[in-house]
Amino acid sequence: MRLDFVDVFIVKYEECSQSFLELHTDGSFLSFQVLLSDKNDFEGGGTYFDDGLIMKPSQGDLILHSSRMKHAGLPITKGRRYLLVGFVNIDITQITK
């Protein structure tokens with residue numbers, strides 16, 4: 001099995017510009033995010049999942065989920081929130097030596 005990191009990037013949410021992300025799915029097998037900001041750097045935010053679950057991780061926490069699950073970035077109302085986000089595919093083809 002091989003993990004293929006399709007894309008890894010940093011997202012910045014700010015109250016005066018991009019403060020949220022609408023409900024969506026991603027174009028890979030798995031998605032992950034790591035909160036880079038201290039929770040005292042912003043108000044609001046979090047990740048909403050279509051089943052009603054809301055995740056509000058602490059700095060350094062990892063959220064890993066199926067990219068096919070609908071999710072959204074909840075609006076922040078103050079400060080800046082930074083996330084490391086990545087999209088991963090899994091290759092299970094047999095590798096010959």
Side-chain angles (χ1 to χ4, degrees):
M1 180 172 69
R2 182 175 69 92
L3 297 178
D4 177 22
F5 288 82
V6 178
D7 202 2
V8 178
F9 53 95
I10 294 176
V11 174
K12 175 175 76 172
Y13 292 103
E14 281 187 292
E15 62 180 295
C16 59
S17 59
Q18 180 181 345
S19 65
F20 70 98
L21 189 59
E22 292 184 10
L23 197 63
H24 66 283
T25 58
D26 300 322
S28 59
F29 185 73
L30 294 173
S31 298
F32 71 85
Q33 59 181 268
V34 177
L35 181 61
L36 300 176
S37 301
D38 184 285
K39 290 177 101 173
N40 296 319
D41 293 342
F42 64 92
E43 292 178 6
T47 302
Y48 169 80
F49 291 93
D50 199 24
D51 63 358
L53 179 65
I54 295 174
M55 301 286 299
K56 292 193 173 200
S58 296
Q59 186 177 30
D61 285 351
L62 169 76
I63 297 175
L64 177 69
H65 60 89
S66 166
S67 294
R68 294 174 182 92
M69 181 174 238
K70 288 186 178 181
H71 58 284
L74 295 174
I76 66 163
T77 56
K78 184 177 178 185
R80 291 185 186 98
R81 178 180 182 236
Y82 289 94
L83 297 168
L84 176 68
V85 174
F87 305 131
V88 182
N89 284 325
I90 298 177
D91 182 1
I92 57 171
T93 58
Q94 186 171 359
I95 300 173
T96 57
K97 293 184 179 183

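All values reported here derive from a predicted model rather than from experimental measurement.
Here CZ of Phe32 is found 5.5 Å from CZ of Phe5. Values are rounded to the nearest 0.5 Å. Annotation: the span from Asp38 atom CG to Arg81 atom CZ amounts to 13.0 Å, rounded to 0.5 Å. Rounding to the nearest 0.5 Å gives a distance of 11.0 Å between CG of Leu62 and CG of Leu35. In this structure, Glu15 CD and Ile76 CD1 are separated by 6.5 Å, a value rounded to the nearest 0.5 Å. Here Asp4 contributes atom CG and Phe29 contributes atom CZ; the two are 13.0 Å apart, rounded to the nearest 0.5 Å. Here the OG-CG distance, from Ser37 to Leu83, works out to 7.0 Å after rounding to the nearest 0.5 Å.
The shortest heavy-atom contact between Ala72 and Glu22 is CB-C, 3.8 Å.
Hydrophobic cluster membership is shared by Val11 and Phe87, with clusters built from Ile, Leu, Val, Met, Phe, Trp and Tyr side chains linked at under 4.5 angstrom. Note on Ile90: it clusters hydrophobically with Val8, by side-chain heavy-atom contacts below 4.5 Å among ILVMFWY residues. Taking hydrophobic clusters as Ile, Leu, Val, Met, Phe, Trp and Tyr residues chained together by side-chain heavy-atom distances below 4.5 Å, Phe20 does not share a cluster with Ile54. If you chain together hydrophobic residues whose side chains sit under 4.5 Å apart, Val6 and Leu3 never meet in one group.
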Go through the steps for Asp41 and Tyr82 under the test side-chain contact (heavy atoms from CB on, under 4.5 Å), then give the verdict. CA-CA 9 Å; Asp41 293 342; Tyr82 289 94; over 6 Å; no
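No side-chain donor-acceptor contact under 3.5 Å links Asp26 to the backbone of Ser28. With hydrogens and angles disregarded, a donor-acceptor distance shorter than 3.5 Å links the side chain of Ser67 to the backbone of Ser31. A side-chain donor-acceptor contact under 3.5 Å links Gln59 to the backbone of Leu36. Of the possible polar contacts, none joining the Thr47 side chain to the Met55 backbone as a donor-acceptor pair under 3.5 Å is found.
Thr93 and Asp91 share a donor-acceptor pair across their side chains, judged by distance under 3.5 Å alone.
In this view, Arg68 satisfies the salt bridge (charged side-chain N to carboxylate O under 4.0 Å, His left out) rule with no residue, not counting sequence neighbours. With sequence neighbours excluded, the residues satisfying ring-ring contact (aromatic ring centres under 6.0 Å, His included) with His65 are Phe49, His71.
Screening Met69, Lys70, His24 against Asp50 for a side-chain contact (heavy atoms from CB on, under 4.5 Å) leaves a single residue, Lys70. Among Leu30, Val34, Val88, the single residue meeting the side-chain contact (heavy atoms from CB on, under 4.5 Å) criterion with Leu64 is Leu30.
Ionic pairing of Glu14 and Arg80 is present here: one or more N-O contacts between side-chain nitrogen and carboxylate oxygen are shorter than 4.0 angstrom.
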